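The structure displayed is predicted, hence computed values, not measured ones. The sequence lines fix the lettering, A, B, ..., with proteins before strands; numbering per chain opens at 1.
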Protein chains: 2
Amino acid sequence: MNDRKQHVVKMAHQLFIDKGFQATSIQDILDYSGISKGTFYNYFSSKSELMIAIFKMTYADLEKQRNELLIGQDRTDIEIFIKQIELQLKTNRKNKLITLFEEVLVSNDIDLKQFIDQGRINNIRWIYERLLDIFGETKKPYLLDSAIMFMGLLRDNIKFFHIAHDTNANIGHVVRYSVRRLVNLVDELAETDEQLIQPEQLESWIPDCRKPDQLFQKKLHHSIYIMKNLLRHIEEQSKYMELLDFIEEELLDSKSPRKFLIESALLSLKAVDGSVWEKEWEPLEKLVVDFFKTEDEK
Amino acid sequence: MNDRKQHVVKMAHQLFIDKGFQATSIQDILDYSGISKGTFYNYFSSKSELMIAIFKMTYADLEKQRNELLIGQDRTDIEIFIKQIELQLKTNRKNKLITLFEEVLVSNDIDLKQFIDQGRINNIRWIYERLLDIFGETKKPYLLDSAIMFMGLLRDNIKFFHIAHDTNANIGHVVRYSVRRLVNLVDELAETDEQLIQPEQLESWIPDCRKPDQLFQKKLHHSIYIMKNLLRHIEEQSKYMELLDFIEEELLDSKSPRKFLIESALLSLKAVDGSVWEKEWEPLEKLVVDFFKTEDEK
DNA sequence: TATATATTTATACATGTAGTACAATATGAA
DNA sequence: TTCATATTGTACTACATGTATAAATATATA
């Protein structure tokens with residue numbers, strides 16, 4: 001990434017921190033960083049992509065600092081873990097990451113959502129592995145559950161502590177309180193031998209080669225789901241339902257989906273009236289086109 | 001709210017559930033519910049206001065169902081609490097409330113944010129009070145912390161359980177697992193005598209300093225409800241109904257209720273005949289007087 | 001039934017946003 | 001200097017929220 005681009009990222013991040021993601025327009029970013037629209041879209045294909053760049057940079061930095069805390073230290077020392085969590089919280093606060101996450105999670109941008117979700121899962125995984133360091137193999141079956149619940153209770157403790165005391169200080173106090181709950185949690189789970197989610201599940205959550213495919217699946221399913229709902233009050237709905245089902249099946253289950261059949265089905269579907277319908281039909285068609293484009297490249 | 005308006009709310013809610021709040025344009029709502037733009041803006045001043053209407057309706061319904069579960073039951077029975085939590089989760093899922101909350105929290109609409117935040121705090125308070133029923137006064141100092149952490153860990157348990165098993169079923173299993181953690185949490189906090197946030201804090205969260213407190217709201221609503229019933233067999237009832245509605249709305253929803261208008265409305269209402277009526281009119285007037293007295297003190 | 005009042009519709013309009021297209025211009029290395 | 005690449009400026013499309021208003025329609029009342 002060149003200096004100029006880096007500069008835009010920095011300026012945009014500042015604007016996002018000050019005004020929020022949604023409230024910052026592209027024009028704001030252009031003015032604030034002194035570039036033209038053309039250059040912006042040369043760098044990033046959208047505001048979302050710029051956001052991803054910001055997240056990536058911030059998280060790379062966090063990870064680096066986080067690992068530095070471990071250098072030459074005892075991995076089983078829970079005090080180091082506490083310091084790492086505090087670091088993470090401070091980074092979050094400094095960069096308004098939580099707020100930006102939330103904003104972004106609702107921005108109708110599936111790619112961006114995917115990115116954030118993956119980030120969260122990575123974070124859970126990091127905590128899980130640190131807990132494995134600290135509590136040892138014997139507690140392993142309970143540590144994914146513990147990691148998940150720890151993140152949940154920590155987040156809300158921070159949130160409401162902040163509301164109650166209206167201060168950013170004393171975060172350390174909240175972290176220590178929450179970690180004590182975590183320790184108790186692990187002990188109790190081991191004692192009663194209760195497990196909600198197996199740590200092995202983590203492996204299937206990690207990004208792998210099938211990920212883009214899964215994303216496509218999700219998008220397709222979502223699109224078709226919505227269109228089915230729209231059909232509810234339309235005559236001949238069953239015919240169109242069948243067409244939609246056929247497209248989904250042919251694309252997801254068939255080894256070599258028959259392009260001509262799917263295109264014909266799409267055309268028949270286009271005949272349905274209504275502007276809402278039309279607005280939903282288009283992305284479906286785009287999905288199909290993209291599907292066959294990448295299919296040809298293989 | 002008249003039938004037509006109700007119909008619009010219903011159709012819009014469906015669209016929000018299917019496509020999300022942001023992704024649904026006003027035009028979509030117009031098409032789907034078959035009204036014109038003029039009518040829409042006659043009903044609601046914005047999409048946000050429509051959203052508030054949806055939230056209010058859904059939550060009123062949830063609260064009703066939730067209380068019905070308690071009728072004739074033992075408040076200390078944790079099984080009832082579990083049923084109530086499950087009900088809440090099901091309502092959330094059915095109405096995509098979590099998603100809509102998140103969407104709305106970033107919509108640059110202060111009133112809407114305020115509304116949602118208050119709703120969350122109310123929820124915490126409700127849980128706190130139920131925990132007080134279940135665990136008793138002796139555990140009181142730890143129950144607000146417990147309520148907060150319970151909400152946090154429950155939410156994430158549900159979320160990741162859903163990711164892991166890709167199913168909406170077995171919510172009950174997750175709830176029970178989480179409630180067992182809650183019980184252990186309360187015990188442990190009492191044993192080690194640790195406290196993060198004092199339950200007394202709740203009181204300061206409830207009244208948004210500009211809005212009347214809940215007790216006042218309840219009293220007002222009750223008083224107006226009774227008076228409306230009395231009006232049933234009286235001529236010009238609709239005029240008086242409107243006056244009553246106006247008073248309630250102006251006192252509860254307006255940032256700076258117009259004293260002169262409310263007093264004038266009260267005077268008009270006094271004109272209704274009947275000794276029973278008079279007996280109900282007086283407490284209402286007292287409520288209003290008290291309201292403006294405390295308002296002036298601020 | 002006739003008339004006044006309120007509601008609803010249809011349409012045009014103002015404003016703001018994201019993103020595209022493209023010719024003109026600047027920059028920097030061979 | 002030349003040539004490829006980066007950048008700019010401007011115009012354009014498309015779509016969104018929300019306002020304004022005259023005309024049509026429905027409702028209540030006398």
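The separation between B/Gln27 atom CD and D/dA14 atom P is 17 Å, rounded to whole Å. Remark: P of C/dT17 and CG of A/Leu30 are 12 Å apart, rounded to the nearest angstrom. Note: CD (B/Glu49) to P (D/dG18) measures 11 Å, nearest angstrom. In this structure, B/Asn2 places its CG atom 12 Å from P of D/dA28, rounding to the nearest Å. Protein atom CZ of B/Phe40 is 17 Å distant from nucleotide atom P of D/dA20, rounded to whole Å. Rounded to whole Å, atom C1' of C/dT27 lies 17 Å from atom CD1 of A/Ile35. With rounding to whole Å, B/Asp3 atom CG is found 17 Å from D/dA26 atom P. Between A/Asn42 atom CG and C/dG19 atom P the separation is 15 Å, expressed in whole Å.
Side-chain atoms of B/Phe21 and B/Ile54, non-hydrogen and from C-beta on, never get closer than 4.5 Å to each other.
A donor-acceptor pair under 3.5 Å is formed between the side chain of B/Asp28 and the backbone N or O of B/Ser25.
For A/Ser46, taking side-chain heavy atoms from C-beta onward, the closest of the listed nucleotides C/dT8, C/dG19, C/dT17 is C/dG19. Which of C/dT7, C/dG19, D/dT7 sits closest to the side chain of A/Tyr41 comes down to C/dG19.
Both A/Asp28 and A/Ser45 lie close to DNA chain C; mapped to their nearest nucleotides by heavy-atom distance, the more 5′-ward contact belongs to A/Asp28. If B/Gly38 and B/Ile26 are placed on DNA chain D by their nearest nucleotide, the residue sitting closer to the 5' end is B/Ile26.
What you find for B/Ile262 and B/Leu251 is that their closest heavy atoms are CD1-CD2, 3.6 Å.
The residue B/Ser25 sits close only to the backbone: its heavy atoms come under 4.0 Å of sugar-phosphate atoms, none of a base. Using a 4.0 Å heavy-atom criterion, one finds that A/Tyr43 contacts the sugar-phosphate atoms exclusively.
For A/Asn92 and A/Gln88, the side-chain atoms include no donor-acceptor pair closer than 3.5 Å.
A sub-4.0 Å separation between OP1 or OP2 of D/dT7 and a side-chain N or O of A/Arg4 is present. Of the side-chain N and O atoms in B/Ser36, none sit less than 4.0 angstrom from OP1 or OP2 of C/dA10. Phosphate proximity of D/dT8 to A/Thr39: present, with a side-chain N or O under 4.0 Å from OP1 or OP2.
If you check distances only, the side chain of B/Lys37 does reach the base of D/dG18 with a donor-acceptor pair under 3.5 Å.
Applying the 6.0 Å contact sphere to CG of B/Asn2 captures more than 12 heavy atoms from other residues, nucleotides or ligands.
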